[in-house]
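Lettering follows sequence order; numbering is per chain, from 1.
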Amino acid sequence: MKDANSTRMKVEAGLQRRRRKERVFQLIGLLATAVGIVFLGVFFFSLIKQGASAFEQTHVRLDVEMSSEALAPDGELDLIYADFDGVIRSALRNLFPDVTGRGDRRELNQLVSIAAGYQVRDMLVEDPDLLGGKATIWVPTSANVDMLVKGKIDPGIDEAMRPVSNQQIRWVDQLETEGRIETRFNTALFTNGDSREPELAGIKGALMGSVYMLLVTVALAFPIGVAAAIYLEEFAPKNRWADLIEVNINNLAAVPSIVFGLLGLAVFINWMGLPRSAPLVGGLVLSLLTLPVIIIASRAAIQAVPPSIRQAAFGLGASRMQVVFHHIMPLALPGMLTGTIIGMSRALGESAPLLMIGMVAFIVDVPGGFTDPATALPVQVFLWADSPERAFAERTSAAIIVLLGFLLLMNLTAVIIRKRMERKW
Amino acid sequence: MTMAAMSELDVNKEPPVSPAPVEEPVDTTRKPDARSPHRPVSGQLTELLDETVGNVHCDDPFMTARDVNVYYGDNHAIRNVNLEIGKKEVIALIGPSGCGKSTFLRCLNRMNDSIDTARVTGDIRLDGMDIYSKELDPVALRARVGMVFQKANPFPKSIYDNVAYGPRIHGLAADRAELDNIVHTSLERAGLLQEVKDRLDEPGTGLSGGQQQRLCIARTIAVNPEVILMDEPCSALDPIATARIEDLMDELSEDYAIVIVTHSMQQAARVSKRVAYFHLGLLVEVDETDRIFTNPQHKLTEDYITGRIG
Ligand SMILES: Nc1ncnc2c1ncn2[C@@H]1O[C@H](COP(=O)(O)OP(=O)(O)OP(=O)(O)O)[C@@H](O)[C@H]1O
Ligand SMILES: [Mg+2]
């Protein structure tokens, strides 16, 4: 009786302390979570604030005359040499007839992007009947005007310190009051490859490069990784070699990614002679990079299959292959796929190894295949971040937003696959 | 020192995790000349037991185990066990926890193969055929020697697929109708059909514990094995489900040999024809069930069945 009492008293004496500890721990956890969320919020906020405007592009309305004398002096339209820019220039001149000096005219012409000429050409290709007529078109302004209209260039500072001159600002103001200026969705960002002109630069090339690379990576790394994991878990003898391999795989997962780039350069490009800057090589390198991740995740998934299932199958006389493919695989697949997608996400975000295999080049054309020169999204981010033009700053943020969107999509897929395939036992 | 003794010593020096070849854990030690010298049984135990008392033989032996030793790394879990199991007989393995009943049971269908550290020596025959012979595929053996585990372990598949799995992998049914038939009779014999016949496509894991165990039995008998090994099949069941399974065993023993591990004396007395008492890896006594429970020969057996050990 006395003993029971003392136990109760001791427990009660300690209870206060235990509760306090628990509260403190909860508080710390809450704080840690809050700090994490705040950082994430600041990151997203600044990113979106920076990058949102890149999804819009300032356009100017011009009335162009598709005069046959200017475009087809020989009576036939020459799509390569015809002076489409001249048409735009004269449209601008018509808007500001009092601008006469050579230098002033050049400044005037700089208001409009060089994309305007291409736009006229494309219109004529589509509808040759326009030749000789008049048309009202919206063409993109130059990046500097775009920045000015978006308020990213302060007209108040000294003229020498900003890329637009006083008279250019006047012209833009006039165009704005005439209702000729408008910001529209920046389709170029999604349909073009890289360009020296920010208003022409798009991420499609980099996006396609990344897609091709990931295709190569998933096609190689998933089957190889899963096969290796199954072999190591189910078939390989458990001996010193297996331990050695295990340690090596774990270490491989921690090797800095740039080392894989060097390996890719030495093996795939210099020795095997594969083309530089190609998504194929990038994909090969990224497969090497993701393989250890996939193997480790797949092995963990296999180990998580309850041994009783394995025993039941063996006890019925299933062969090892049958046990693996009828019982282990279906149960381990969600984990394997999650691991694969995590690996892919990592591969998608890698830029260092790609620098080593030449995927950092300035490539205008959107790659159409696995051996076309290409860059990748993170490399594009790096390239744009390195550019001096102000307009590239917001495009950098936009590219990061697209990259994050891509990542989010992949992780979402992982979650959905998990939820769909998860089984209870 | 003989060559055989040397090789035995070498083997014993290996660390616990050392690689016994997974498929054929007995190869090297199984050559007849290399087999005999076993690790000495500790002094006290040898005093306790020179030889299994009672009668290890039976009239119509179907499985015979001779000089079986099992090692888990350095742990000598089964020592020199000799036992015969008759055709269509129920034999119960009893003994205190950790004495090696499950280990011995697993030797009979080579389930020890999948335990990396386990090493089996000795000679076990099924109907005269050496089941540890190199040529024998454990897959073929396990189709003839089925197993029911202590904890019900249905596959996370439908009830139907659970039962149909064995016949499917062994190609026992020519067509769907035949497979249906096998599934139904197996469930029927396991006494489960009435309860599940309307929900054969529901997951087997959704059944109650007792139903799951009967499902596992149905799954085992669907392959139509010649021997069924049961490792404490009723340990998680209520008395009603236990009685059901005992009835089932009675019925099954008309066609199969059944080896059952149990901790329940009553169960052993009810279902088995013979009883084998294990103690610390030794097979102490084997005899007709009545004799074991009424007139045990060995003191250890007597102590155990009267509740003084275990
Ligand atoms: N997988 C294993 N790995 C290593 N040692 C094992 C393994 N399984 C069993 N053992 C050892 O072998 C000995 C016998 O174990 P076993 O499981 O056969 O006992 P048991 O008689 O079935 O006991 P219980 O009645 O508690 O089930 C024990 O000392 C145990 O520690
Ligand atoms: Mg046991």
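In B:Met129, the CE atom is crowded: over 12 heavy atoms of neighbouring residues, nucleotides or ligands sit closer than 6.0 Å.
Heavy-atom distances place the side chain of B:Phe149, and not its backbone, under 4.5 Å from chain A. The contact between B:Val223 and chain A is made entirely by side chain atoms (from C-beta outward), counting heavy-atom distances below 4.5 Å. Contacts of A:Ala313 with chain B are made by both backbone and side-chain atoms, with heavy-atom separations under 4.5 Å. Looking at B:Arg219, both its backbone and its side chain come within 4.5 Å of chain A, counting heavy atoms on both sides.
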Under 3.5 Å, sequence neighbours excluded: what are the donor-acceptor pairs made by side chains of residues 247-267 of chain A?
unit_1	atom_1	unit_2	atom_2	d
A:Asn248	ND2	A:Leu244	O	3.1
A:Ser257	OG	A:Glu350	OE1	2.9

Determine all donor-acceptor pairs shorter than 3.5 Å in which one atom belongs to a side chain in residues 226-233 of chain A; sequence neighbours excluded.
unit_1	atom_1	unit_2	atom_2	d
A:Glu233	OE2	A:Arg299	NE	2.9
A:Glu233	OE2	A:Arg299	NH2	3.2
A:Glu233	OE2	A:Gln303	NE2	2.8

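One finds no salt bridge joining B:Glu251 and B:Arg244 here, because no Lys/Arg side-chain nitrogen approaches an Asp/Glu carboxylate oxygen to under 4.0 Å.
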